[in-house]
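Just so it is clear, the values below take in all heavy atoms, side chains as well, and ignore hydrogens, waters and symmetry mates.
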Amino acid sequence: MTEEEFDATFTYTLDVLLATMAEEPEIDPEKFFSVACVLENLRYFSPVLYGAIRKKTE
């Protein structure tokens, strides 16, 4: 898997997770915001995650 494929798949997964959480009425809005911030930071560091995974599998 290339870095671009990883980034696209990772971004899609995070977007689906956020959308699913947003549609769930039982999730407290403050907790949703906190989780959204964590997921956004994960998205920002996806190249680092890809590099770490790539090194581990080599």
- To the nearest 0.5 Å, what is the distance between CD (E26) and CE (M21)? 13.0 Å

- Quick one: do F45 and V38 end up in the same hydrophobic cluster if we chain Ile, Leu, Val, Met, Phe, Trp and Tyr together by side-chain heavy atoms under 4.5 Å apart? no

- Identify the heavy atoms of R54 and M1 that sit nearest to each other, and give their distance. NH1-O, 4.5 Å

- Message: A side-chain contact here means heavy atoms from C-beta on lying under 4.5 Å apart; do T11 and D7 qualify?
- Response: yes

- Do the charged groups of D15 and R43 touch, with an N to O distance under 4.0 Å? no

- Query: Any side-chain heavy atom of Y12 within less than 4.5 Å of one from V16?
  - Reply: yes

- Task: State, to 0.1 Å, how close L18 and F32 come at their nearest heavy-atom pair, and which atoms those are.
- Result: O-CE1, 3.6 Å

- Note on the structure: In short, S46 meets F10 closest at the heavy-atom pair CB-CD2, 3.6 Å

- Please name the pair of heavy atoms, one in L49 and one in L42, separated by the smallest distance, quoted to 0.1 Å. CD1-O, 4.1 Å

- First locate atom OG1 of T9, then atom OH of Y50, and finally report the distance between them rounded to the nearest 0.5 Å. 11.0 Å

- Should the heavy atoms of other residues, nucleotides or ligands under 6.0 Å from CD of E30 be counted, would the total exceed 12? no

